[in-house]
Amino acid sequence: MRSGSNSKMKFTLNSYLSDKALERLQLAILVIFSIIPLFIQLPFKINLFLAWEGAYRLSIGQIPFKDFSLPMGFGFWLIPALFFKIFGPYLFTLVKAQVFINLVSGLVFRSILKKLSVEPAKRLLALLFFCISYIFIHFWPWYNHSVFVFELIAIDLVISYMLTASFKRKVIYLSLCTFFIVLSFFTKQDGGALAITTVSTLMLYLVILEKDWRGFLVYSGTALLWIAAFVLPFLPYDFGYWFNVGQEPHNSRVKISDILTDAFEGSLWIKFYLLIIAFILFEKIQNWKEFFHNKTEFIFALLILCILGQAMLVQVTSYIPHTVNIYFHSFVIAYILHSVHLNFKIQRTWVLGVLICLILFWWSADYWRYGKRIISRIAPSLVGGKVTLNEVSKYSWAVPDSTKIEKPLVWKASDFRTFRGVLLPEETIEGMETILNLEIVKSKKDLKVLNMSELTPLAYEIGFTPIINQPLWFHRNVSVFDRDIEILCKNIEAHQYDLVLFEEIPELNQFYPEAVRISLQKYYSKVASFQAPRDLSKSFIEVYTKEVN
(Lines give C-alpha, C1' and ligand atoms only; values in the text may rest on other atoms or scores of the structure.)
Protein backbone atom coordinates (compact mmCIF):
# COMPACT_ATOMS: atom_id res chain seq x y z
CA MET A 1 0.00 0.00 0.00
CA ARG A 2 2.77 2.39 0.94
CA SER A 3 4.74 1.44 -2.15
CA GLY A 4 1.75 2.09 -4.40
CA SER A 5 1.14 5.45 -2.80
CA ASN A 6 4.78 6.51 -3.24
CA SER A 7 4.74 5.32 -6.82
CA LYS A 8 1.68 7.41 -7.58
CA MET A 9 3.22 10.50 -5.97
CA LYS A 10 6.45 10.02 -7.91
CA PHE A 11 4.57 9.69 -11.17
CA THR A 12 2.58 12.86 -10.42
CA LEU A 13 5.62 14.97 -9.63
CA ASN A 14 7.57 13.79 -12.65
CA SER A 15 4.75 13.81 -15.17
CA TYR A 16 4.64 16.32 -18.00
CA LEU A 17 1.79 18.69 -18.70
CA SER A 18 0.59 18.51 -22.28
CA ASP A 19 0.35 21.65 -24.41
CA LYS A 20 -3.42 21.47 -24.10
CA ALA A 21 -3.23 21.29 -20.31
CA LEU A 22 -0.82 24.25 -20.28
CA GLU A 23 -3.21 26.28 -22.42
CA ARG A 24 -6.06 25.57 -20.02
CA LEU A 25 -3.88 26.48 -17.05
CA GLN A 26 -2.98 29.79 -18.71
CA LEU A 27 -6.65 30.67 -19.11
CA ALA A 28 -7.43 29.59 -15.56
CA ILE A 29 -4.67 31.83 -14.15
CA LEU A 30 -5.87 34.77 -16.24
CA VAL A 31 -9.50 34.39 -15.18
CA ILE A 32 -8.64 33.99 -11.48
CA PHE A 33 -6.46 37.11 -11.36
CA SER A 34 -8.91 39.14 -13.44
CA ILE A 35 -12.03 38.47 -11.36
CA ILE A 36 -10.45 39.01 -7.92
CA PRO A 37 -11.80 42.62 -7.67
CA LEU A 38 -15.38 41.31 -7.91
CA PHE A 39 -15.00 39.64 -4.51
CA ILE A 40 -13.35 42.48 -2.59
CA GLN A 41 -14.96 45.50 -0.95
CA LEU A 42 -12.77 48.31 -2.20
CA PRO A 43 -12.17 51.77 -0.73
CA PHE A 44 -12.96 54.83 -2.82
CA LYS A 45 -9.86 55.60 -4.84
CA ILE A 46 -8.35 59.00 -5.57
CA ASN A 47 -9.30 60.25 -9.06
CA LEU A 48 -12.07 57.65 -9.35
CA PHE A 49 -14.47 60.55 -9.79
CA LEU A 50 -13.03 61.17 -13.25
CA ALA A 51 -13.65 57.63 -14.51
CA TRP A 52 -17.25 57.79 -13.31
CA GLU A 53 -17.99 61.30 -14.61
CA GLY A 54 -16.81 60.72 -18.19
CA ALA A 55 -18.52 57.34 -18.45
CA TYR A 56 -21.76 58.75 -17.04
CA ARG A 57 -21.83 61.71 -19.42
CA LEU A 58 -21.28 59.44 -22.42
CA SER A 59 -23.90 56.97 -21.18
CA ILE A 60 -26.58 59.69 -20.97
CA GLY A 61 -25.80 60.91 -24.48
CA GLN A 62 -23.54 63.89 -23.85
CA ILE A 63 -20.96 64.41 -26.60
CA PRO A 64 -17.25 65.05 -25.87
CA PHE A 65 -16.01 68.56 -26.70
CA LYS A 66 -19.56 69.62 -27.65
CA ASP A 67 -21.19 69.11 -24.24
CA PHE A 68 -18.11 68.81 -22.05
CA SER A 69 -14.44 69.61 -22.56
CA LEU A 70 -11.36 67.54 -21.86
CA PRO A 71 -7.63 67.84 -22.66
CA MET A 72 -7.40 64.36 -24.22
CA GLY A 73 -9.45 61.93 -26.26
CA PHE A 74 -12.50 60.10 -25.01
CA GLY A 75 -11.27 56.54 -25.67
CA PHE A 76 -10.77 55.79 -21.98
CA TRP A 77 -14.48 56.21 -21.21
CA LEU A 78 -15.92 54.08 -24.04
CA ILE A 79 -15.82 50.71 -22.24
CA PRO A 80 -16.98 52.08 -18.84
CA ALA A 81 -19.84 53.95 -20.58
CA LEU A 82 -20.93 50.73 -22.31
CA PHE A 83 -20.90 48.93 -18.95
CA PHE A 84 -22.93 51.77 -17.42
CA LYS A 85 -25.53 51.17 -20.11
CA ILE A 86 -25.62 47.45 -19.27
CA PHE A 87 -25.22 47.39 -15.47
CA GLY A 88 -26.13 50.92 -14.39
CA PRO A 89 -24.02 54.00 -13.48
CA TYR A 90 -22.59 52.65 -10.24
CA LEU A 91 -19.01 52.76 -9.02
CA PHE A 92 -18.91 48.98 -8.82
CA THR A 93 -19.81 48.89 -12.51
CA LEU A 94 -16.38 50.40 -13.09
CA VAL A 95 -14.88 47.35 -11.36
CA LYS A 96 -16.79 45.10 -13.76
CA ALA A 97 -15.50 47.14 -16.70
CA GLN A 98 -11.95 46.77 -15.41
CA VAL A 99 -12.37 43.01 -15.04
CA PHE A 100 -13.29 42.91 -18.74
CA ILE A 101 -10.31 45.13 -19.65
CA ASN A 102 -7.98 42.91 -17.60
CA LEU A 103 -9.27 39.77 -19.33
CA VAL A 104 -8.75 41.37 -22.73
CA SER A 105 -5.23 42.54 -21.87
CA GLY A 106 -4.23 39.07 -20.66
CA LEU A 107 -5.71 37.33 -23.70
CA VAL A 108 -3.96 39.73 -26.07
CA PHE A 109 -0.63 39.40 -24.25
CA ARG A 110 -0.96 35.62 -24.51
CA SER A 111 -1.89 35.92 -28.19
CA ILE A 112 1.21 38.01 -28.93
CA LEU A 113 3.49 35.46 -27.26
CA LYS A 114 1.76 32.64 -29.13
CA LYS A 115 2.29 34.36 -32.49
CA LEU A 116 5.94 34.90 -31.59
CA SER A 117 6.37 31.14 -31.01
CA VAL A 118 6.92 31.23 -27.24
CA GLU A 119 6.55 27.68 -25.94
CA PRO A 120 3.38 26.97 -23.90
CA ALA A 121 5.21 26.40 -20.60
CA LYS A 122 7.30 29.55 -20.98
CA ARG A 123 4.20 31.43 -22.09
CA LEU A 124 2.45 30.30 -18.93
CA LEU A 125 5.22 31.69 -16.71
CA ALA A 126 5.24 35.02 -18.58
CA LEU A 127 1.46 35.25 -18.39
CA LEU A 128 1.53 34.48 -14.67
CA PHE A 129 3.97 37.31 -14.16
CA PHE A 130 1.83 39.62 -16.31
CA CYS A 131 -1.14 38.76 -14.11
CA ILE A 132 0.56 39.21 -10.76
CA SER A 133 2.53 42.35 -11.65
CA TYR A 134 0.14 44.18 -13.98
CA ILE A 135 -3.40 42.80 -13.95
CA PHE A 136 -3.60 42.28 -10.19
CA ILE A 137 -2.94 45.94 -9.38
CA HIS A 138 -5.64 47.32 -11.69
CA PHE A 139 -8.97 47.15 -9.89
CA TRP A 140 -10.34 50.38 -11.38
CA PRO A 141 -10.23 51.77 -14.95
CA TRP A 142 -7.62 54.43 -15.57
CA TYR A 143 -6.52 56.03 -18.83
CA ASN A 144 -2.82 55.34 -18.32
CA HIS A 145 -3.74 51.65 -18.26
CA SER A 146 -6.39 51.66 -20.99
CA VAL A 147 -4.06 53.36 -23.47
CA PHE A 148 -1.59 50.47 -23.17
CA VAL A 149 -4.32 47.86 -23.53
CA PHE A 150 -5.39 49.46 -26.82
CA GLU A 151 -1.73 49.49 -27.86
CA LEU A 152 -1.44 45.80 -26.99
CA ILE A 153 -4.36 45.03 -29.30
CA ALA A 154 -2.74 47.06 -32.08
CA ILE A 155 0.58 45.23 -31.63
CA ASP A 156 -1.18 41.86 -31.77
CA LEU A 157 -2.96 42.90 -34.97
CA VAL A 158 0.16 44.26 -36.69
CA ILE A 159 2.04 41.05 -35.90
CA SER A 160 -0.86 39.08 -37.37
CA TYR A 161 -0.63 41.30 -40.46
CA MET A 162 3.11 40.72 -40.76
CA LEU A 163 2.94 36.95 -40.37
CA THR A 164 -0.07 36.13 -42.54
CA ALA A 165 -0.01 35.52 -46.30
CA SER A 166 -3.73 36.00 -46.92
CA PHE A 167 -4.43 39.35 -48.64
CA LYS A 168 -7.97 39.52 -47.24
CA ARG A 169 -6.73 38.95 -43.70
CA LYS A 170 -3.94 41.47 -44.18
CA VAL A 171 -6.49 44.15 -45.04
CA ILE A 172 -8.64 43.31 -42.01
CA TYR A 173 -5.67 43.18 -39.61
CA LEU A 174 -4.23 46.45 -40.88
CA SER A 175 -7.56 48.31 -40.73
CA LEU A 176 -8.21 47.16 -37.17
CA CYS A 177 -4.60 47.82 -36.14
CA THR A 178 -4.72 51.45 -37.29
CA PHE A 179 -8.06 51.93 -35.54
CA PHE A 180 -6.61 50.82 -32.21
CA ILE A 181 -3.41 52.87 -32.43
CA VAL A 182 -5.50 55.96 -33.23
CA LEU A 183 -7.88 55.03 -30.39
CA SER A 184 -4.87 54.75 -28.06
CA PHE A 185 -3.77 58.25 -29.10
CA PHE A 186 -7.28 59.55 -28.41
CA THR A 187 -7.16 57.88 -25.02
CA LYS A 188 -3.87 59.41 -23.83
CA GLN A 189 -1.57 61.38 -26.10
CA ASP A 190 1.84 60.30 -24.81
CA GLY A 191 1.08 56.59 -24.57
CA GLY A 192 -0.78 56.75 -27.88
CA ALA A 193 2.13 58.45 -29.63
CA LEU A 194 4.45 55.74 -28.32
CA ALA A 195 1.98 53.10 -29.55
CA ILE A 196 2.10 54.66 -33.02
CA THR A 197 5.91 54.72 -32.85
CA THR A 198 6.10 51.04 -31.86
CA VAL A 199 3.69 49.82 -34.55
CA SER A 200 5.31 52.06 -37.18
CA THR A 201 8.74 50.67 -36.29
CA LEU A 202 7.50 47.12 -36.83
CA MET A 203 5.91 48.16 -40.14
CA LEU A 204 9.16 49.79 -41.31
CA TYR A 205 11.04 46.56 -40.59
CA LEU A 206 8.63 44.77 -42.93
CA VAL A 207 9.23 47.43 -45.60
CA ILE A 208 13.00 46.92 -45.40
CA LEU A 209 12.67 43.14 -45.32
CA GLU A 210 10.28 42.85 -48.26
CA LYS A 211 11.47 45.99 -50.10
CA ASP A 212 7.84 47.00 -50.61
CA TRP A 213 6.38 50.30 -49.43
CA ARG A 214 2.80 49.60 -50.45
CA GLY A 215 1.78 48.08 -47.13
CA PHE A 216 3.25 51.00 -45.18
CA LEU A 217 1.47 53.51 -47.41
CA VAL A 218 -1.84 51.71 -46.84
CA TYR A 219 -1.09 51.67 -43.11
CA SER A 220 -0.37 55.42 -43.07
CA GLY A 221 -3.40 56.25 -45.19
CA THR A 222 -5.74 54.14 -43.07
CA ALA A 223 -4.40 55.73 -39.89
CA LEU A 224 -5.01 59.21 -41.34
CA LEU A 225 -8.59 58.25 -42.18
CA TRP A 226 -9.20 57.10 -38.60
CA ILE A 227 -7.61 60.30 -37.26
CA ALA A 228 -9.95 62.33 -39.47
CA ALA A 229 -12.91 60.33 -38.14
CA PHE A 230 -11.83 61.12 -34.57
CA VAL A 231 -11.10 64.82 -35.15
CA LEU A 232 -13.29 66.34 -37.86
CA PRO A 233 -16.67 65.96 -36.06
CA PHE A 234 -15.29 67.92 -33.09
CA LEU A 235 -13.47 70.78 -34.84
CA PRO A 236 -16.47 73.16 -34.49
CA TYR A 237 -16.39 72.70 -30.71
CA ASP A 238 -13.06 74.31 -29.75
CA PHE A 239 -11.21 71.02 -30.22
CA GLY A 240 -7.93 72.80 -30.99
CA TYR A 241 -8.03 74.63 -27.68
CA TRP A 242 -8.81 71.59 -25.57
CA PHE A 243 -6.91 68.69 -27.10
CA ASN A 244 -3.50 68.71 -25.44
CA VAL A 245 -0.60 68.20 -27.83
CA GLY A 246 1.66 70.45 -25.79
CA GLN A 247 0.38 73.74 -27.22
CA GLU A 248 -0.89 76.69 -25.19
CA PRO A 249 -2.56 76.81 -22.74
CA HIS A 250 -1.24 73.29 -22.02
CA ASN A 251 2.26 72.48 -20.85
CA SER A 252 4.26 69.73 -22.53
CA ARG A 253 5.43 66.98 -20.19
CA VAL A 254 8.19 65.90 -22.56
CA LYS A 255 11.19 67.41 -20.79
CA ILE A 256 14.64 66.15 -21.71
CA SER A 257 15.99 66.97 -18.25
CA ASP A 258 13.31 64.82 -16.55
CA ILE A 259 13.89 61.94 -18.97
CA LEU A 260 17.66 62.05 -18.39
CA THR A 261 17.22 62.25 -14.63
CA ASP A 262 14.96 59.19 -14.59
CA ALA A 263 17.25 57.34 -16.98
CA PHE A 264 20.46 57.87 -15.02
CA GLU A 265 19.19 58.10 -11.44
CA GLY A 266 16.51 55.42 -11.70
CA SER A 267 15.21 52.88 -14.23
CA LEU A 268 17.41 50.16 -12.71
CA TRP A 269 15.27 47.29 -13.99
CA ILE A 270 15.09 48.73 -17.50
CA LYS A 271 18.85 49.20 -17.68
CA PHE A 272 19.46 45.72 -16.24
CA TYR A 273 17.16 44.17 -18.84
CA LEU A 274 18.88 46.08 -21.62
CA LEU A 275 22.17 44.53 -20.52
CA ILE A 276 20.70 41.01 -20.52
CA ILE A 277 19.07 41.56 -23.91
CA ALA A 278 22.38 42.85 -25.29
CA PHE A 279 23.97 39.47 -24.42
CA ILE A 280 21.12 37.65 -26.15
CA LEU A 281 21.25 39.83 -29.26
CA PHE A 282 25.04 39.56 -29.56
CA GLU A 283 24.53 35.82 -29.78
CA LYS A 284 21.73 36.10 -32.34
CA ILE A 285 23.47 38.54 -34.67
CA GLN A 286 26.41 36.20 -35.16
CA ASN A 287 24.44 35.23 -38.25
CA TRP A 288 22.93 38.60 -39.04
CA LYS A 289 21.18 37.78 -42.31
CA GLU A 290 19.49 34.70 -40.90
CA PHE A 291 18.37 36.65 -37.84
CA PHE A 292 17.08 39.60 -39.88
CA HIS A 293 15.12 37.36 -42.26
CA ASN A 294 13.58 35.35 -39.43
CA LYS A 295 10.40 37.42 -39.04
CA THR A 296 9.29 35.94 -35.74
CA GLU A 297 12.67 36.34 -34.04
CA PHE A 298 13.39 39.82 -35.34
CA ILE A 299 9.90 41.13 -34.61
CA PHE A 300 10.19 39.84 -31.05
CA ALA A 301 13.57 41.51 -30.48
CA LEU A 302 12.40 44.78 -32.05
CA LEU A 303 9.22 44.75 -29.99
CA ILE A 304 11.12 44.27 -26.73
CA LEU A 305 13.43 47.18 -27.47
CA CYS A 306 10.43 49.38 -28.31
CA ILE A 307 8.66 48.35 -25.10
CA LEU A 308 11.72 49.20 -22.99
CA GLY A 309 12.15 52.55 -24.74
CA GLN A 310 8.48 53.29 -24.20
CA ALA A 311 8.72 52.34 -20.52
CA MET A 312 11.66 54.72 -20.12
CA LEU A 313 9.69 57.64 -21.56
CA VAL A 314 6.19 57.05 -20.24
CA GLN A 315 7.38 56.96 -16.62
CA VAL A 316 8.15 60.66 -17.09
CA THR A 317 5.21 61.81 -19.19
CA SER A 318 2.60 59.77 -17.26
CA TYR A 319 4.04 59.60 -13.78
CA ILE A 320 0.80 58.62 -12.00
CA PRO A 321 0.57 55.87 -10.92
CA HIS A 322 4.19 54.88 -10.38
CA THR A 323 3.37 51.45 -11.84
CA VAL A 324 2.33 52.98 -15.17
CA ASN A 325 5.09 51.16 -17.09
CA ILE A 326 5.30 47.95 -15.07
CA TYR A 327 4.23 45.89 -18.11
CA PHE A 328 7.78 45.85 -19.47
CA HIS A 329 8.81 43.14 -17.00
CA SER A 330 6.45 40.58 -18.49
CA PHE A 331 7.59 41.19 -22.06
CA VAL A 332 11.27 40.95 -21.16
CA ILE A 333 10.77 37.80 -19.09
CA ALA A 334 8.94 36.22 -22.02
CA TYR A 335 11.77 37.19 -24.38
CA ILE A 336 14.50 35.89 -22.08
CA LEU A 337 12.69 32.59 -21.53
CA HIS A 338 12.14 32.27 -25.26
CA SER A 339 15.75 33.08 -26.19
CA VAL A 340 17.62 31.00 -23.63
CA HIS A 341 18.04 27.28 -24.32
CA LEU A 342 17.20 25.17 -21.26
CA ASN A 343 18.46 21.65 -20.70
CA PHE A 344 15.39 20.76 -18.65
CA LYS A 345 11.68 20.65 -19.41
CA ILE A 346 9.66 23.42 -17.77
CA GLN A 347 6.44 21.51 -18.37
CA ARG A 348 7.49 18.84 -15.87
CA THR A 349 5.00 19.19 -13.04
CA TRP A 350 7.37 19.70 -10.13
CA VAL A 351 9.65 22.06 -12.09
CA LEU A 352 6.72 24.19 -13.19
CA GLY A 353 5.37 24.22 -9.64
CA VAL A 354 8.67 25.43 -8.20
CA LEU A 355 9.01 28.16 -10.85
CA ILE A 356 5.45 29.36 -10.24
CA CYS A 357 6.12 29.58 -6.50
CA LEU A 358 9.33 31.53 -7.10
CA ILE A 359 7.57 33.99 -9.41
CA LEU A 360 4.84 34.50 -6.81
CA PHE A 361 7.51 35.03 -4.15
CA TRP A 362 9.49 37.42 -6.37
CA TRP A 363 6.52 39.74 -6.96
CA SER A 364 4.90 39.31 -3.55
CA ALA A 365 4.62 42.94 -2.39
CA ASP A 366 1.17 43.61 -3.87
CA TYR A 367 -0.65 40.59 -2.49
CA TRP A 368 1.37 40.63 0.76
CA ARG A 369 -0.21 43.96 1.68
CA TYR A 370 -3.60 42.26 1.61
CA GLY A 371 -2.47 38.92 2.98
CA LYS A 372 -0.80 40.27 6.09
CA ARG A 373 -4.10 41.77 7.22
CA ILE A 374 -5.47 38.24 7.44
CA ILE A 375 -2.29 36.87 9.03
CA SER A 376 -2.29 39.66 11.60
CA ARG A 377 -5.60 38.37 12.97
CA ILE A 378 -4.23 34.86 13.37
CA ALA A 379 -0.63 35.51 14.37
CA PRO A 380 0.02 39.25 14.94
CA SER A 381 3.66 38.74 15.88
CA LEU A 382 4.50 37.37 12.42
CA VAL A 383 3.64 40.58 10.57
CA GLY A 384 4.51 43.12 13.22
CA GLY A 385 2.26 44.68 15.78
CA LYS A 386 2.11 48.18 17.14
CA VAL A 387 5.45 49.99 17.00
CA THR A 388 6.74 50.86 20.45
CA LEU A 389 9.48 53.35 21.26
CA ASN A 390 11.12 50.83 23.60
CA GLU A 391 12.35 48.82 20.62
CA VAL A 392 14.91 49.77 18.01
CA SER A 393 14.53 47.92 14.73
CA LYS A 394 14.15 48.65 11.03
CA TYR A 395 10.56 49.77 11.48
CA SER A 396 10.81 51.45 14.88
CA TRP A 397 14.11 53.36 14.91
CA ALA A 398 12.41 56.63 13.87
CA VAL A 399 9.70 58.52 15.71
CA PRO A 400 6.38 58.37 13.79
CA ASP A 401 5.58 61.55 11.87
CA SER A 402 3.29 63.58 14.10
CA THR A 403 2.21 65.78 11.19
CA LYS A 404 0.29 62.98 9.52
CA ILE A 405 -3.32 62.08 10.15
CA GLU A 406 -4.18 62.78 13.78
CA LYS A 407 -6.72 59.98 13.87
CA PRO A 408 -7.32 57.27 11.28
CA LEU A 409 -10.43 57.69 9.19
CA VAL A 410 -13.19 55.15 9.67
CA TRP A 411 -14.06 53.69 6.26
CA LYS A 412 -17.43 52.00 5.94
CA ALA A 413 -20.12 51.00 3.45
CA SER A 414 -22.97 53.39 2.73
CA ASP A 415 -26.58 53.08 1.61
CA PHE A 416 -26.02 55.19 -1.49
CA ARG A 417 -26.74 53.09 -4.56
CA THR A 418 -23.90 54.42 -6.71
CA PHE A 419 -21.40 53.78 -3.89
CA ARG A 420 -22.62 50.27 -3.04
CA GLY A 421 -19.69 47.88 -2.61
CA VAL A 422 -17.29 50.80 -2.11
CA LEU A 423 -16.01 52.02 1.24
CA LEU A 424 -16.07 55.71 2.16
CA PRO A 425 -14.93 57.72 5.19
CA GLU A 426 -17.74 57.93 7.72
CA GLU A 427 -17.60 61.74 7.66
CA THR A 428 -17.98 61.73 3.85
CA ILE A 429 -21.12 59.61 4.09
CA GLU A 430 -22.58 61.99 6.67
CA GLY A 431 -21.69 64.94 4.43
CA MET A 432 -23.50 63.41 1.44
CA GLU A 433 -26.56 62.84 3.61
CA THR A 434 -26.42 66.51 4.59
CA ILE A 435 -26.43 67.52 0.92
CA LEU A 436 -29.42 65.32 0.11
CA ASN A 437 -31.33 66.83 3.04
CA LEU A 438 -30.80 70.41 1.92
CA GLU A 439 -34.12 72.10 1.16
CA ILE A 440 -32.93 73.29 -2.24
CA VAL A 441 -32.02 69.72 -3.19
CA LYS A 442 -35.30 68.23 -1.96
CA SER A 443 -37.59 70.89 -3.44
CA LYS A 444 -36.02 72.22 -6.64
CA LYS A 445 -36.33 70.50 -10.01
CA ASP A 446 -33.74 70.93 -12.77
CA LEU A 447 -31.10 71.64 -10.17
CA LYS A 448 -28.01 73.35 -11.60
CA VAL A 449 -25.01 71.96 -9.75
CA LEU A 450 -21.36 72.88 -10.18
CA ASN A 451 -19.63 69.85 -8.70
CA MET A 452 -15.93 70.56 -8.23
CA SER A 453 -15.38 67.59 -5.96
CA GLU A 454 -14.63 63.88 -6.14
CA LEU A 455 -18.23 63.00 -5.39
CA THR A 456 -19.35 63.09 -9.01
CA PRO A 457 -21.78 60.13 -8.55
CA LEU A 458 -24.01 62.54 -6.63
CA ALA A 459 -25.37 63.52 -10.05
CA TYR A 460 -27.15 60.17 -10.15
CA GLU A 461 -27.99 60.12 -6.44
CA ILE A 462 -29.57 63.58 -6.45
CA GLY A 463 -30.93 63.27 -9.96
CA PHE A 464 -29.46 66.32 -11.68
CA THR A 465 -27.94 66.42 -15.17
CA PRO A 466 -24.27 67.45 -15.25
CA ILE A 467 -23.95 70.96 -16.64
CA ILE A 468 -22.80 71.15 -20.25
CA ASN A 469 -20.27 73.54 -21.80
CA GLN A 470 -17.75 73.16 -19.03
CA PRO A 471 -14.66 71.00 -18.40
CA LEU A 472 -15.10 67.36 -17.50
CA TRP A 473 -12.93 67.92 -14.44
CA PHE A 474 -11.28 70.92 -12.83
CA HIS A 475 -7.58 70.21 -12.30
CA ARG A 476 -5.96 73.63 -12.66
CA ASN A 477 -3.68 73.96 -15.72
CA VAL A 478 -4.37 70.35 -16.65
CA SER A 479 -8.05 70.34 -17.53
CA VAL A 480 -9.20 73.86 -16.67
CA PHE A 481 -7.29 76.99 -17.60
CA ASP A 482 -7.33 80.74 -16.94
CA ARG A 483 -10.00 81.42 -19.56
CA ASP A 484 -12.29 78.77 -18.11
CA ILE A 485 -11.65 79.73 -14.49
CA GLU A 486 -12.66 83.30 -15.36
CA ILE A 487 -15.91 82.01 -16.90
CA LEU A 488 -16.67 79.95 -13.79
CA CYS A 489 -16.08 82.95 -11.56
CA LYS A 490 -18.38 85.11 -13.68
CA ASN A 491 -21.08 82.43 -13.55
CA ILE A 492 -20.77 82.33 -9.76
CA GLU A 493 -21.03 86.11 -9.55
CA ALA A 494 -24.20 85.89 -11.68
CA HIS A 495 -25.58 83.17 -9.39
CA GLN A 496 -26.06 80.71 -12.27
CA TYR A 497 -25.63 77.66 -10.02
CA ASP A 498 -28.12 76.51 -7.39
CA LEU A 499 -25.58 74.37 -5.58
CA VAL A 500 -21.77 74.26 -5.70
CA LEU A 501 -19.46 71.63 -4.23
CA PHE A 502 -15.83 72.69 -3.96
CA GLU A 503 -13.06 70.40 -2.74
CA GLU A 504 -10.10 71.91 -0.94
CA ILE A 505 -6.88 69.85 -0.83
CA PRO A 506 -4.26 72.09 0.84
CA GLU A 507 -1.40 69.63 0.33
CA LEU A 508 -1.76 69.82 -3.46
CA ASN A 509 -0.83 72.75 -5.69
CA GLN A 510 -4.32 74.20 -6.28
CA PHE A 511 -5.72 70.96 -7.67
CA TYR A 512 -9.02 72.82 -7.74
CA PRO A 513 -8.50 76.52 -8.66
CA GLU A 514 -8.46 78.75 -5.62
CA ALA A 515 -9.91 81.69 -7.59
CA VAL A 516 -13.21 79.83 -7.83
CA ARG A 517 -13.27 79.28 -4.08
CA ILE A 518 -12.63 82.95 -3.46
CA SER A 519 -15.59 83.84 -5.70
CA LEU A 520 -17.79 81.33 -3.88
CA GLN A 521 -16.90 82.83 -0.51
CA LYS A 522 -17.81 86.26 -1.85
CA TYR A 523 -21.06 85.56 -3.69
CA TYR A 524 -22.42 82.33 -2.16
CA SER A 525 -23.27 81.04 1.27
CA LYS A 526 -21.34 78.09 2.67
CA VAL A 527 -23.82 75.73 4.32
CA ALA A 528 -21.65 72.70 5.08
CA SER A 529 -18.12 71.34 5.06
CA PHE A 530 -17.03 67.73 5.49
CA GLN A 531 -14.23 65.19 4.93
CA ALA A 532 -13.34 64.42 1.31
CA PRO A 533 -13.12 60.73 0.28
CA ARG A 534 -9.36 60.44 0.62
CA ASP A 535 -6.88 59.58 3.37
CA LEU A 536 -5.60 63.12 3.78
CA SER A 537 -7.42 64.40 6.84
CA LYS A 538 -7.01 68.02 5.71
CA SER A 539 -8.99 67.41 2.51
CA PHE A 540 -12.57 68.59 2.74
CA ILE A 541 -15.57 69.41 0.59
CA GLU A 542 -17.38 72.72 1.01
CA VAL A 543 -21.07 73.07 0.11
CA TYR A 544 -22.33 76.42 -1.19
CA THR A 545 -25.81 77.66 -2.13
CA LYS A 546 -26.81 80.97 -3.68
CA GLU A 547 -29.32 81.54 -0.90
CA VAL A 548 -27.82 84.10 1.47
CA ASN A 549 -28.15 83.33 5.18
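Values reported hereafter were calculated over all heavy atoms of this structure, with side chains retained and with hydrogens, waters and symmetry mates removed.
Two rings, from Y327 and F130, have their centers 6.0 Å or more apart. For F76 and Y143, the gap between ring centers is short of 6.0 Å. Aromatic pair H145/Y134: centroids less than 6.0 angstrom apart.
Figure legend: cation-pi geometry between R483 and Y241, with NZ or CZ positioned under 6.0 Å from the six-membered ring centre and within 45° of its axis. Under a cutoff of 6.0 Å and an axis angle of 45°, K448 and Y497 do not form a cation-pi pair.
With salt bridges taken as basic N to acidic carboxylate O contacts below 4.0 Å, none links K522 and E493. Look at D482 and R476 and you find no salt bridge, because none of the NZ, NE, NH1 or NH2 atoms lies under 4.0 Å from a carboxylate O. At a threshold of 4.0 Å, the pair D498-K546 counts as salt-bridged, since one of the basic side-chain nitrogens sits closer than that to a carboxylate oxygen.
Taking the six-membered ring for Trp and thresholds of 30 and 60 degrees, F239 and F243 have nearly parallel ring planes, at less than 30 degrees apart.
Qualifying side-chain hydrogen bond (donor to acceptor under 3.5 Å, both in side chains) partners for K114, counting only residues two or more places apart in sequence or in other chains: none. For D484, there are no salt bridge (Lys or Arg N to Asp or Glu O under 4.0 Å) partners at least two apart in sequence or on another chain.
Of the candidates F230, W226, W77, F230 is the only one forming a ring pair (Phe, Tyr, Trp, His ring centres under 6.0 Å) with F186.
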**Request:** Could you give me the CA-CA distance, side-chain angles and deciding distance for S318 and D190, then say whether side-chain hydrogen bond (donor to acceptor under 3.5 Å, both in side chains) is met?
**Result:** CA-CA 8 Å; S318 293; D190 56 345; 2.3 Å; yes
